[in-house]
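Okay, structure first, notes after.
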Amino acid sequence: RLVHPRRRFSLQLPDGRTLALGDRTLIMGVINVTPDSFSDGGQLQDAPRAIEAGVQMVAGGADLLDVGGESTRPGAEPLGESEERRRVLPVIEGLAARVTVPISIDTYKPAIADAALRAGATIVNDISGLRYEPELAAVAARHRAVLALMHTRGRSRDMYKDATYHDVVDEVLD
């Protein structure tokens, strides 16, 4: 359900902290460790550089950080688990040691989410809304992690052919 903008509530994070929603708009720093990132053009593929960028985002006011290793741009091909793990885990581990804000892992893969949550992430950000890998819900629940469900139509490689709506708000809510 959509949250009314005047409602306030807190999400309990697995590390005991809370994430207050509704008091003000929260700023999420996006760290894409992909060669074709929409946000930085692939400049954060190197883990030390990505970690430093996250530290700087927090210093600049970011309330949470989102780390992603698989490109979801239109036309992108899926990434194997071993490569995604290689990209994101050192960044999450490094950020967890250096920042105090919550860290989110942007993945739809249960094994990646599990490893990222063990490495210091507290939020799972699933672009598919559990449509690609429904088992991801059990991983998030086991870790008592916050699970953010996003919306997409189809996979990245062919998302535009499925991106037709009659009533976008009702269809996304469904």
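Side-chain atoms are counted along with the backbone in the values below, which use heavy atoms only and exclude waters and symmetry mates. All values derive from a computational prediction rather than experimental measurement.
Side-chain contact check for V101 versus M57: every heavy-atom pair is 4.5 Å or farther apart. Proximity of V139 to L117: side-chain heavy atoms (C-beta onward) are separated by under 4.5 Å at one or more points. At least one side-chain heavy atom of L136 sits under 4.5 Å from a side-chain heavy atom of V124. The side-chain heavy atoms of L79 and T34, taken from C-beta on, include no pair separated by under 4.5 Å.
For the atom pair L13 CG and D15 CG, the distance stands at 5.5 Å (nearest 0.5 Å). Distance CD1/I51 to CG/L65: 11.5 Å, rounded to 0.5 Å. In this structure, D114 CG and I105 CD1 are separated by 11.5 Å, a value rounded to the nearest 0.5 Å. Here the CD1-CG distance, from I103 to L95, works out to 5.0 Å after rounding to the nearest 0.5 Å. Summarising the geometry, atom CG belonging to N125 is positioned 13.5 Å from atom OH belonging to Y108; distances are rounded to the nearest 0.5 Å.
For the pair A62 and G29, the tightest heavy-atom approach, listed with the atom from each and the gap, is CB-N, 4.1 Å. Here the shortest heavy-atom pairing between A119 and A96 reads O-CB, 3.8 Å. For the residue pair P102 and T122, the shortest heavy atom distance occurs at CB-OG1, 3.7 Å.
Under the side-chain contact (heavy atoms from CB on, under 4.5 Å) rule, V33 has a single partner from R49, R87, E70, which is R87. Each of E81, E84, E135 was compared with K109 under the salt bridge (Lys or Arg N to Asp or Glu O under 4.0 Å) criterion, and only E84 meets it. Of the options T107, D106, L149, a side-chain contact (heavy atoms from CB on, under 4.5 Å) to I127 is made by D106 and by none of the others.
Salt-bridge formation is detected for the pair E52/R98: a Lys NZ or Arg NE/NH1/NH2 atom is positioned less than 4.0 Å from an Asp or Glu carboxylate oxygen. A salt bridge links E83 with R86: at least one charged nitrogen is closer than 4.0 Å to a carboxylate oxygen.
Heavy-atom neighbours of R144 CZ from other residues, nucleotides or ligands within 6.0 Å: at or below the threshold of 12.
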Step-by-step side-chain contact (heavy atoms from CB on, under 4.5 Å) determination, I123 to L64: CA-CA 10 Å; I123 301 167; L64 57 160; 3.9 Å; yes
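Under the 4.5 Å side-chain contact rule for hydrophobic residues, I27 and L11 do not share a cluster.
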